[in-house]
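Numbering of ligands and ligand atoms starts at 1, following listing order. Just so it is clear, the values below take in all heavy atoms, side chains as well, and ignore hydrogens, waters and symmetry mates.
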Amino acid sequence: MAEVETLATGVLAGERRALSRAITLIESARPEHRERARALLDQLAGAERSALRIGISGAPGVGKSTFLEAFGLARVAEGQRLAVLAVDPSSPVSGGSILGDKTRMPGLGRSEAAFIRPSPSSATLGGVARRTREAIAVCEAAGFDLVMVETVGVGQSEIMVADMTDIFVVLLSPGGGDELQGVKRGIMEMADLLLINKADGALAEIAERTRAEYAGALHLFRRRAGDPEGYPMARTVSAQTGAGLGEAWEAIRALDAARRESGARAARRRAQSLAWFDAEADGAMIARLKAAPGLEAAWRDIRTAVAAGEMTAGAGVDALLASAAQHFGRKPPDAP
Ligand code: GDP
């Protein structure tokens, strides 16, 4: 594990190569790599560094890369260091956009103060979630001020990203009256800031109208306990001209400051840590049960019986628990 220690030292010193290698390690599914990744994360946790974590979601083409580039370079110009992590569970399947690609954010890609990491090509959303959480932890330990987690506005990925960030921003395109229908209610409920992008040129007026519609819709949602007046908020921006980007950053900063002050940010992080633990614990327990020698065969037989209609699902679960209990030399636990 000397290797892990060297890696940890490099990450803590903010060395980019160590950071890249650390993230590659946590992205690996190989058991010996997992073990090392865990040891690394344990070491890094000791640093107790913390970044502002911002989730950015939006449909392909809405302007996420353009926004991240302009927004990120403005933070860099202020002397901040930022990491951009991309989450795109759809990419391995669809072969679609590879988020985080340096060519999408050329200025940030060249900046010493920025670190961009594309989405891992992982199959499952659960796998992507774990890796992203761990990558956030590594970036925080490396001393970044800001960690931006980018996701495409499809499927479950934004719920996941909202669950691992402090502030959740949704980017939208200027649209007609039916625009509201395109955004799932769940995403609206999670958003702290809705940014109507492309508010420039001929689109400026439409963007403002769209903003007003969303602002109206946001009134239907209850303000989160402790959040200042006016949040969640809808604003217009132009990632291309830079209009409104400063105000958007101010809105993010003000919300974060209020949440730190009230303890809401710490509470949110505690809840997220617990959710992370619960998810990992559930996954690990099930994986180990399934892999237990002897149990694996029983599991398979029971599934076959259930599929054939020879056993009900409930009876199958009882049978499974009974064989697990037998395997571990115990009485099966009572149902909750
Ligand atoms: P992503 O798929 O969400 O990452 O979107 P991109 O950043 O790649 O942008 C998609 C397209 O929208 C590109 O052609 C951009 O030039 C354009 N675009 C992005 N931001 C703006 C903006 O603020 N105004 C205008 N007019 N076009 C924009």
Side-chain angles (χ1 to χ4, degrees), residues 54-76 82-111 114-121 128 132 146-162 165 167-176 179 182-184 187-188 190-191 193-212 214 233-252:
I54 304 175
I56 301 270
S57 171
V62 72
K64 291 179 301 299
S65 331
T66 314
F67 174 85
L68 283 164
E69 168 90 346
F71 184 88
L73 286 174
R75 305 289 75 75
V76 168
L82 90 160
V84 178
L85 303 172
V87 171
D88 185 4
S90 65
S91 66
V93 190
S94 67
S97 63
I98 301 171
L99 294 178
D101 184 344
K102 276 181 191 176
T103 60
R104 290 168 60 234
M105 301 162 219
L108 281 185
R110 278 193 303 269
S111 170
F115 176 80
I116 302 173
R117 185 75 180 193
S119 186
S121 48
V128 175
T132 307
L146 274 177
V147 178
M148 320 266 306
V149 187
E150 175 194 11
T151 180
V152 280
V154 289
Q156 295 290 303
S157 65
E158 49 273 293
I159 297 175
M160 178 185 107
V161 169
T165 50
I167 306 264
F168 189 62
V169 178
V170 176
L171 241 56
L172 298 159
S173 297
E179 174 75 7
V183 178
K184 283 163 257 141
I187 297 167
M188 290 276 283
M190 292 182 304
L193 198 57
L194 297 179
L195 297 180
I196 323 303
N197 189 33
K198 308 192 183 181
D200 49 52
L203 287 171
E205 206 176 305
I206 306 170
E208 172 49 32
R209 213 175 321 133
T210 309
R211 187 205 61 78
Y214 277 106
M233 189 181 278
R235 291 188 162 277
T236 56
V237 293
S238 168
Q240 210 158 67
T241 68
L245 292 183
E247 288 84 350
W249 171 232
E250 268 319 308
I252 290 171

- Message: Is the contact between Ala199 and ligand 1 made by the side chain, the backbone, both, or neither, using heavy atoms and a 4.0 Å cut-off?
- Response: neither
- Ligand-residue contact atoms, ligand 1 with Lys198, heavy atoms, under 4.0 Å: 12 (O), 18 (N), 21 (C), 22 (C), 23 (O), 24 (N), 25 (C), 27 (N), 28 (C)
- Message: Any atom of ligand 1 sitting under 4.0 Å from a heavy atom of Gly201?
- Response: no
- Straight-line distance of Thr165 OG1 to Leu85 CG, nearest 0.5 Å: 11.5 Å
- May I ask you to check whether Phe67 has an N/O atom sitting below 3.5 Å from an N/O atom of ligand 1? no
- Query: Is it true that the NZ or CZ of Arg75 lies under 6.0 Å from the centre of Phe71's six-membered ring and within 45 degrees of the ring axis?
  - Reply: yes
- Message: Rounded to the nearest 0.5 Å, what separates atom CG in Leu68 from atom CG in Leu171?
- Response: 8.0 Å
- Worked verdict on Glu69 versus Lys64 for side chain to side chain contact (heavy atoms under 4.5 Å, CB included): CA-CA 8 Å; Glu69 168 90 346; Lys64 291 179 301 299; over 6 Å; no
- Heavy-atom pair with the smallest gap, counting every atom of Met190 and Ala162: SD-CB, 3.6 Å
- Message: If we set the cut-off at 4.0 Å for heavy atoms, which region of Asn197 has an atom near ligand 1: side chain, backbone, both, or neither?
- Response: side chain
- Message: Using a 4.0 Å cut-off to any heavy atom of Ala59, which atoms of ligand 1 qualify?
- Response: 3 (O)
- Ignoring hydrogens and geometry, is there a side-chain-to-backbone donor-acceptor pair from Asn197 to Ala239 under 3.5 Å? yes
- Item | Geometric N/O contact Asp200 with ligand 1, under 3.5 angstrom | yes
- Subset of ligand 1 atoms that lie under 4.0 Å from at least one heavy atom of Thr66: 6 (P), 7 (O), 9 (O), 15 (C), 19 (C), 20 (N)
- Could you check which of Glu150, Met105, Gln240 puts a non-hydrogen atom nearest to atom 25 (C) of ligand 1? Gln240
- If we only count heavy atoms from C-beta on, is the Arg235 to Leu194 side-chain gap below 4.5 Å? no
- Query: Is the shortest distance from a heavy atom of Arg104 to ligand 1 less than 4.0 Å?
  - Reply: yes
- Query: If you take all heavy atoms of Ser57 and Glu158, which pair is closest and at what distance?
  - Reply: OG-OE1, 3.2 Å
- Go through ligand 1 atom by atom and flag the ones less than 4.0 Å from a non-hydrogen atom of Lys64. 1 (P), 2 (O), 3 (O), 4 (O), 5 (O), 7 (O)
- When you look at Thr151 and Val149, which way does the side chain to side chain contact (heavy atoms under 4.5 Å, CB included) test go after all the steps? CA-CA 7 Å; Thr151 180; Val149 187; 6.0 Å; no
- Task: Answer with yes or no whether Gly61 contacts ligand 1, where contact means a heavy atom under 4.0 Å from a ligand atom.
- Result: yes
- Best match, Ala243, Ala239, Pro60, Ser57: closest heavy atom to atom 23 (O) of ligand 1: Ala239
